Amino acid sequence: MVTLESYLSGRRDLVDRNLDLALPQVDNDSLLHKAMRYSVFAGGKRIRPILALAAAEVVGGSHESVLPLAVALECIHTYSLIHDDLPAMDNDDLRRGKPTVHKLFGEAVAILAGDALLTFAFQVMSSPSSVRTHPPERLLAVINDLATASGFEWLVEGQYLDISHEGESVGPETVRSIMLSKTAALIRTSLICGARLAGGMDWEIQALAVYGENMGMIFQIRDDLLDIEGDPSELGKAARKDLGRGKATLPRIVGVEGAREAMRAYTTLALDALSPLGTRSSMLSEICRYISERTN
Ligand code: GRG
């Protein structure tokens, strides 16, 4: 039987190898190329790509055929972190225990590295080898899902809401909408796209979308709880920064216990969504539990 730890580390290695092959090599003096690789290989958990690979397997597909999607998801995620850390946004000096991209390479290169990674995701998805591997309508639907999740309706909107509500007193609906757009939408899309690209049926994709959305909410609440009670040496960044900035987070408005309770409710919804998929989704159930207990 494959344990969760060995599944996650095996998948992480696979994603890393594919990112390594796909990204520009740094055999020149380009700071842009160096910054792209630095940010991608700074120690991320690869949770979005892993969820996409797992979703492909749950619907009976092979994870190999969704590796370019895995690369694209991590590039989009990394771009969002680089831009989120910029002085004009959250102004962070450390991420994953290392200097942020703008601290090491300067702001202009950090902006460009983020731009390049976002664009590269779509270059990978629409490459001749992707076009040869997947039916065109399926590939186009996935590219559309990715673009929608990354843009003004979800990821960028989430960041905008996050920044514009800083220091304000907000209600639970606003917090929910921030969590959904800045975090849960890309996680949901990782599952949808993995399943869609692997030829999943509509009901399977729908079940995985509901799981993914609830998992995304758990992911964000856990992140907010870690900001309050996490160990900075494990987090690789300063703790209590969001509290200090007056970020609109769930623990801030309902307290730590209230946030834990909400996380339990989202866990029930996520696990319930998997039940029609039966035992083939057991690794996704375990990933959900891991995410709600993660320490970094
Ligand atoms: C700048 C367009 C734009 C969006 C930024 C991702 C984001 C939106 C902001 C980062 C801050 C934050 C708390 C985002 C919520 C999602 C989240 C918890 C990101 C961290 O993801 P992990 O834990 O990161 O998967 P690793 O380090 O494992 O890759």
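Both counts, for ligands and for their atoms, begin at 1 and track the order of listing. Computed from a prediction, not measured in an experiment: that's the story for all the values here.
- If you check which protein heavy atom lies closest to atom 27 (O) of ligand 1, you get R96 NE, 2.7 Å.
- D84 and K182 are not joined by a salt bridge, as no carboxylate oxygen comes within less than 4.0 angstrom of a charged side-chain nitrogen.
- Neither the backbone nor the side chain of M89 comes within contact range of ligand 1; no heavy atom lies under 4.0 Å.
- Note: R37 CZ to L23 CG = 5.5 Å, rounded to the nearest 0.5 Å.
- When each of D90, D224, D227 is tested with K247 by the rule salt bridge (Lys or Arg N to Asp or Glu O under 4.0 Å), just one qualifies, namely D90.
- Near F219, with a cut-off below 4.0 Å to any heavy atom, the atoms of ligand 1 are 18 (C), 21 (O), 22 (P), 23 (O), 25 (O).
- Among D162, T78, I82, D84, the residue whose heavy atom lies nearest to atom 11 (C) of ligand 1 is D84.
- Shown here are the side-chain contact (heavy atoms from CB on, under 4.5 Å) partners of S127, two or more places apart in sequence or in another chain: S129, S130.
- Atoms of ligand 1 lying under 4.0 Å from any heavy atom of G44, numbered from 1 in the order shown and given with element: 26 (P), 27 (O), 28 (O), 29 (O).
- Atom CG of L197 sits about 9.0 Å away from atom OG1 of T133, to the nearest 0.5 Å.
- From the protein, the heavy atom lying nearest to atom 1 (C) of ligand 1 is S80 O, 3.5 Å.
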Please assess L118 against I76 for the test side-chain contact (heavy atoms from CB on, under 4.5 Å), listing each intermediate value before the final yes or no. CA-CA 5 Å; L118 174 62; I76 295 171; 4.2 Å; yes

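- At a 4.0 Å heavy-atom cut-off, ligand 1 touches Q159 through the side chain alone.
- Among all protein heavy atoms, the one lying closest to atom 25 (O) of ligand 1 is R48 NH1, 2.8 Å.
- Atoms of ligand 1 found under 4.0 Å from any heavy atom of T183, numbered from 1 in the order shown, are 15 (C), 16 (C).
- Pairs of residues two or more places apart, or lying in two chains, that qualify as salt bridge (Lys or Arg N to Asp or Glu O under 4.0 Å) and include a residue from residues 142-158 are D145-R196.
- Inter-residue side-chain proximity for M215 and L284 is flagged as unmet; no heavy-atom pair is nearer than 4.5 Å.
- With no hydrogens or angles considered, no side-chain donor-acceptor pair links S282 and T279 at under 3.5 Å.
- Contact atoms of ligand 1 toward H83: 1 (C) (distance under 4.0 Å to a heavy atom of the residue).
- Among all non-hydrogen protein atoms, the one lying nearest atom 23 (O) of ligand 1 is K45 NZ, 2.5 Å.
- Closest to atom 24 (O) of ligand 1, if we only count protein heavy atoms, is H77 NE2, 3.4 Å.
- Counting only heavy atoms of the protein, atom 13 (C) of ligand 1 lies nearest to D223 OD2, 3.4 Å.
- Residues Y290 and L51 share a hydrophobic cluster, clusters being chains of Ile/Leu/Val/Met/Phe/Trp/Tyr side chains in contact below 4.5 Å.
- The closest approach between R46 and ligand 1 stays at or above 4.0 Å for every heavy atom of the residue.
- Among all protein heavy atoms, the one lying closest to atom 2 (C) of ligand 1 is Y79 OH, 3.3 Å.
- Regarding atom 15 (C) of ligand 1, its nearest protein heavy-atom neighbour is Q220 OE1, 3.0 Å.
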